[in-house]
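Everything on this sheet refers to the single structure shown next.
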Amino acid sequence: MNEQIPVTRGVDGGTAKLMPDVDRRRAWLLTVNGAPQSYVDLDAPTHLEFEYAQRLAHVLDRAADEGAPLDVLHLGGGALTLPRYVAATRPGSRQDVVEADLGLLALVAEFLPLPDGPAIEVHGADARAWVETAPADSADVLIADVFGGSRVPAHLTSVEYARAAERVLRPDGIYAANLADGAPFAFLRSQLATFASVFAHLALIAEPGVLRGRRFGNAVLLASQSPIDTAALARRTASDAFPARVEYGPPLTRFTGNATAVRDTDAVASPEPPDGAFSIG
């Protein structure tokens, strides 16, 4: 793509826009219906603009020895920011990306193509359906970053979904989900209770201002059957430009409170963000 001009296209989920970053020659912001979805620099795949993407990258960095290849399942594709990151930092990794919006996949393939070489397979499919049929014990990391508009779909919030995700992960694998909520955190607490009913270890990464209820924002939920290296994650997130906290153990149990696990029959999507929480003007 030689000219730095915005691209607007109708996709399954509404209107997608690719907007060039004037400060970086081949960097692009992807929005859908005005909500930021992805940022990618084709020349620098390890440059991560969004804070939540940086936190997910910290999880990927700690999932194995430095540079060792991983098997990663990504639910939600966007501009394929994290698959590109893994390909750059962990050569030889095998990655599957599942994105339900076929129009969005076509847009990204046309204007932000993947480089030749990395083993990244992109699938146009529903995330829940894919997880339920994926091979057991096939992923080291499962990244869930699925939003319908600005909301996490209900069918990706239940105990039944968490069990399906756990089945796909290897015994020492880790699940990492990008979520969004604000005080009083009914959705986020329900997700912690839900995944605690399936996984032995949980952690939560978020900015202090979000955790204190001062604003609506992203939170990364981590779940594993093996202990999570929270100390290393805490050091990394504390040194970010926008520092975050890693909650785990008794403080996370207190935060969860009396929330109960969600079943398919009563699952709901994450809350609609307040006006201006994520939108680009």
Side-chain angles (χ1 to χ4, degrees), residues 13 29-40 47-62 74-83 85 99 127 141-154 156-157 162 165 174-195 202-223 228 230 233-234 236-248 251-252 255-256 259 268-281:
L29 172 67
L30 169 67
T31 69
V32 177
N33 298 330
Q37 296 292 317
S38 300
Y39 177 101
V40 61
H47 175 76
L48 303 175
E49 191 76 9
F50 292 169
E51 289 85 6
Y52 83 82
Q54 294 167 13
R55 291 161 196 158
L56 289 170
H58 292 326
V59 176
L60 288 161
D61 290 344
R62 298 301 306 169
H74 302 264
L75 304 182
L80 309 177
T81 303
L82 286 174
Y85 177 87
E99 171 60 60
V141 183
L142 195 166
I143 301 286
D145 186 15
V146 184
F147 284 80
S150 298
R151 307 177 70 185
V152 178
L156 302 181
T157 67
I174 188 165
Y175 175 89
N178 178 35
L179 306 175
D181 200 5
F185 301 112
F187 174 75
L188 186 55
R189 287 174 167 139
S190 76
Q191 289 304 282
L192 289 165
T194 296
F195 280 82
L202 263 62
L204 188 70
I205 307 174
E207 289 182 35
V210 172
L211 291 173
R212 291 172 185 153
R214 293 176 181 169
R215 64 179 183 84
F216 191 98
N218 294 97
V220 172
L221 183 153
L222 305 179
I228 298 169
T230 52
L233 288 172
R236 285 177 173 247
T237 60
S239 64
D240 285 339
F242 293 91
R245 282 166 43 192
V246 179
E247 296 285 359
Y248 61 95
L252 189 58
F255 180 84
T256 305
V268 297
S270 65
E272 189 74 38
D275 289 345
F278 295 133
S279 62
I280 298 292

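Positions are given from 1, in the same order as the sequence printed here. Keep in mind it's a predicted model, so treat the numbers as computed, not measured.
Taking each heavy atom of Thr256 and Ala193 in turn, the nearest pair found is CG2-N, 3.9 Å. Of all heavy-atom pairs spanning Gly13 and Val32, the tightest one is O-CG1, 4.1 Å. Closest non-hydrogen pair, Gly182 versus Phe216, comes out as N-CD1, 3.5 Å. Contact detail for Leu29 and Pro36: the closest heavy-atom pair is CD1-CB, 4.3 Å. In plain terms, the two heavy atoms of Asp181 and Pro271 that are nearest each other are OD1-CG, 3.2 Å. Listed here is the closest heavy atom pair of Glu99 and Gly78: OE1-N, 3.5 Å.
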### Task
Mind running side chain to side chain contact (heavy atoms under 4.5 Å, CB included) on Leu80 and Val40 for me, showing each step along the way?
CA-CA 8 Å; Leu80 309 177; Val40 61; over 6 Å; no
### Task
Start with the C-alpha gap between Phe195 and Leu221, add the side-chain angles, then the distance that decides, and say whether side chain to side chain contact (heavy atoms under 4.5 Å, CB included) holds.
CA-CA 9 Å; Phe195 280 82; Leu221 183 153; 4.1 Å; yes
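Side-chain contact between Thr157 and Val152 is present, with at least one heavy-atom pair separated by less than 4.5 Å. A heavy-atom distance below 4.5 Å is not found between the side chains of Leu179 and Ser270. Side-chain contact between Phe147 and Asn178: present, with at least one pair of heavy atoms (C-beta onward) separated by less than 4.5 Å.
A donor-acceptor distance shorter than 3.5 angstrom exists from the side chain of Gln54 to the backbone of Leu48, with no hydrogens or angles considered. Between the side chain of Arg236 and the main chain of Ala57, no donor-acceptor pair closer than 3.5 Å is present.
Interatomic distance, CG of Leu192 versus CG of Leu202, reported as 6.0 Å (0.5 Å rounding). To the nearest 0.5 Å, atom CD of residue Glu51 and atom CG of residue Asp240 are 8.5 Å apart. Considering NE2 of His58 and CG of Leu233, their distance stands at 8.0 Å, rounded to 0.5 Å. Distance check, rounded to the nearest 0.5 Å: OG1 of Thr194 to CZ of Phe187 gives 8.5 Å.
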N/O donor to acceptor pairs below 3.5 angstrom from side-chain atoms of residues 203-214, sequence neighbours left out:
residue	atom	partner	partner atom	Å
Glu207	OE1	Arg215	NH2	2.7
Glu207	OE2	Arg55	NH2	3.4
Glu207	OE2	Arg215	NH2	3.2

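None of Leu82, Leu56, Leu60 except one satisfies the side chain to side chain contact (heavy atoms under 4.5 Å, CB included) rule with Val141; the exception is Leu60.
Between Phe50 and Tyr39, the ring planes are tilted. Angles from 30° to 60° get that label.
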